[in-house]
Every structure is written in structure tokens, then in C-alpha cells.
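Letters A, B, ... are given to chains in the order of the sequence lines, protein chains preceding strands, and every chain is numbered from 1.
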Number of protein chains: 2
Amino acid sequence: MNQQILFAKAIADETRQKIMQILCCSWLSVNDIVDKLGNNVSQPTVSHHLKILNDAGLLQRRKEGKQVYNSLNQEQVSVCCGQLLVKFAPELVANDKVLVEN
Amino acid sequence: MNQQILFAKAIADETRQKIMQILCCSWLSVNDIVDKLGNNVSQPTVSHHLKILNDAGLLQRRKEGKQVYNSLNQEQVSVCCGQLLVKFAPELVANDKVLVEN
DNA sequence: CATACGTATAGAAGTTTATCTATATGTTCC
DNA sequence: GGAACATATAGATAAACTTCTATACGTATG
């Protein structure tokens, strides 16, 4: 599957977007994520979602002892959004009308 | 469903991405799109995808006589990508490291 | 006004996806 | 090496999604 679709599918789920937000600016183990999600989601489910995010290149992962620490790869988010903009908003990109506002 | 998820789901399908690209810089009727897709997809299927894209705010639609003309709403793509960047690449956004390159 | 044409909707079939429980795998520490 | 723990995988189930065919709806035109 191509990268655009892989990225889109990865972010097209509420639980995964929650996980992405949790991992946005911190490094957490799988069980940390389960806890942060408020025990509404099982550990295998989180594991499964992490795999999908990782396959889309959206995670940084680091094994440390028994635990695997995860963090969101903001760079990849940025690259993918950039590609989407070039592909689907080319006129705005060409005219520098693409703004990212907080 | 919230806007981020609606957008992500809308773009998370290959046929819809093809339709989006076809409609990116032109106005086409439903049957025009069917033709451009090379008859691999039926008219009802295209109709269905257009509804999903429209529900996500990604289309501009104009009825003219018997036909309904469609075009991609690049502005909405831009807004949604911007929101994704703010949400999932905040550190890059804060440091103006988000570039959109052709 | 009836027919033709463009689009939308209904319903069904097959596939993918999200989630769970149970269990396997791998690592640390006694 | 064995117990405890963290994560991954397997298998099952239910829901969602993509696509099709058949058909309904709505508008323009002879």
C-alpha cells in the first residue's frame, strides 16, 4: 500500500488518534498507554494499534529492559501532511496560502 | 464523528484519493468521474464516494441542469492538514519547521 | 406529458477492521 | 534455571466499509 493511504488509514481511527496525542511529546511504554487510555482498551489492542502506527512510520520505538518506549514521530506527520497538501491543495501551496495556525 | 476523523476516513481509501486527484483542479460531473476512473468503478460507487467526501466538507458541488458538477475543496484540505499538524506535530509547528515542498 | 438521461438510494455480498480472551515470546532478577 | 512481568501473536467475533446490481428520483426536452 502506498504511503499516503497507509498514513490516512493509520490516523483514521479515534483510538489511534488518542494514542498519537498521548505519545505526541513524551515517551511511554505500552502499559503506560493502556493506563492513560483509562482502561477502556486492552493491552493487546494497544499493541495492535502501535503496530499500525509503526508500520506507517509514525512512531519512534526504543526497547529498554522489559519495556518498549514509544513516541510519536512528528517529522513523519509533517512530511505526510506536506505530501497531502501538495497533492490535494496544489493551488494553495503554489500561492503560499497554506498557513498553519495555533 | 469529529472533523479530524471524518477527514482521515475520507482520504483513507485509494478510490477516493483517485477521485480527489481527478477533481483537484477541475469541475466534473459524476459520469465524467466514472469515465476518468476507466470504468473500473460503477456510477453508484462513485456516487457513494462523493457523498463521503462531501460529508467531510471536501467537495464543492454545483447542480447544472441534469448534471452535478464536483470539484475538490482545496481550502478544506489545507485546513484539515493544518489541524493535523497542530495536533500531531506541535513542536515542528512551534519552531516553524513545517515546510511544504513541491 | 412521456421518455431519456444523470444521479441517488436500497439492499446484498464479500472484505477489512477493531476488539476481545487466551497464550506465546522475551527479558530481568533471584 | 525459574518466576515474574512486559509485550506480541493467534484466533474469534462483531461492526464497518467497499462494491455491486437493481431501481427510484428528478429534470430537461421532444
Side-chain angles (χ1 to χ4, degrees), chain A residues 1-23 26-72, chain B residues 1-23 26-72:
Chain A
M1 206 174 339
N2 88 49
Q3 183 56 36
Q4 314 280 348
I5 302 286
L6 216 57
F7 172 69
K9 280 184 192 263
I11 65 172
D13 178 84
E14 197 173 345
T15 303
R16 278 197 294 277
Q17 284 209 9
K18 277 187 198 157
I19 292 175
M20 288 172 73
Q21 209 150 24
I22 289 172
L23 294 180
S26 54
W27 287 85
L28 295 174
S29 74
V30 177
N31 277 328
D32 289 344
I33 299 165
V34 174
D35 292 347
K36 285 245 181 190
L37 285 170
N39 291 22
N40 299 312
V41 184
S42 72
Q43 174 270 313
T45 296
V46 171
S47 226
H48 169 245
H49 286 309
L50 289 174
K51 177 165 170 41
I52 289 169
L53 292 172
N54 194 50
D55 288 350
L58 287 168
L59 292 188
Q60 300 173 272
R61 311 198 81 184
R62 187 168 71 212
K63 203 164 187 174
E64 225 167 86
K66 280 182 286 195
Q67 339 228 17
V68 177
Y69 287 94
N70 304 267
S71 183
L72 186 64
Chain B
M1 205 171 345
N2 89 48
Q3 183 57 37
Q4 315 278 348
I5 302 285
L6 217 57
F7 172 68
K9 279 184 193 263
I11 65 172
D13 177 84
E14 197 173 344
T15 303
R16 279 198 293 277
Q17 284 208 10
K18 279 186 198 159
I19 292 174
M20 287 173 73
Q21 209 150 25
I22 288 172
L23 294 180
S26 54
W27 287 84
L28 295 175
S29 74
V30 177
N31 276 330
D32 289 342
I33 298 166
V34 174
D35 292 346
K36 285 244 182 192
L37 285 171
N39 291 22
N40 299 312
V41 186
S42 72
Q43 174 270 314
T45 296
V46 171
S47 226
H48 170 246
H49 286 310
L50 288 173
K51 176 164 169 42
I52 289 171
L53 292 172
N54 194 50
D55 287 349
L58 288 168
L59 293 187
Q60 301 174 271
R61 311 198 81 184
R62 186 168 71 212
K63 202 165 187 176
E64 225 166 85
K66 280 182 284 194
Q67 338 228 15
V68 178
Y69 287 94
N70 303 267
S71 183
L72 186 63

Exercise for review: Show your working on salt bridge (charged side-chain N to carboxylate O under 4.0 Å, His left out) between B:Asp55 and B:Lys51 and close with a plain yes or no.
Suggested key: CA-CA 6 Å; B:Asp55 287 349; B:Lys51 176 164 169 42; 3.2 Å; yes
Check your understanding: Between C:dG26, C:dT17, D:dA8, which one does the side chain of A:Val68 approach most closely?
Key -> D:dA8
Exercise for review: Name the closest nucleotide to the B:Lys63 side chain, picking from D:dT19, C:dT27, D:dG26.
Suggested key: D:dG26
Review point. Can a donor-acceptor pair under 3.5 Å be found between the side-chain atoms of A:Gln43 and the base atoms of D:dA8?
Key: yes
Point to revise | Residue whose nearest DNA chain D nucleotide is more 5′ - B:Pro44 or B:His49 | key: B:His49
Study note, to complete from the structure: Closest to the side chain of A:Arg16, out of C:dA18, D:dA8, D:dT27, is C:dA18
Check your understanding: So what does B:His48 touch, heavy atoms closer than 4.0 Å: a base, only the sugar-phosphate, or nothing?
Key -> base
Check your understanding: Over how many whole Å does the gap from A:Leu6 atom CG to C:dT17 atom P extend?
Key -> 10 Å
Exercise for review: Can you figure out which of D:dT7, D:dT21, C:dT17 approaches the side chain of A:Val30 most closely?
Suggested key: D:dT7
Practice item. For the side chain of B:Thr15, starting at C-beta, report the closest nucleotide among D:dA8, D:dT19, D:dT9. Key: D:dT19
Check your understanding: A:Ile33 near the nucleic acid: base, sugar-phosphate alone, or nothing, with a heavy-atom cut-off under 4.0 Å?
Key -> nothing
Check your understanding: Expressed in angstrom and rounded to an integer, what is the separation of A:Glu64 atom CD from C:dC29 atom P?
Key -> 12 Å
Study note, to complete from the structure: A:Asp13 CG to D:dA16 C1', in whole Å, measures 11 Å
Exercise for review: Could you check whether B:Asn40 gets within reach of a base, just the sugar-phosphate, or nothing at all, counting any heavy atom under 4.0 Å?
Suggested key: sugar-phosphate
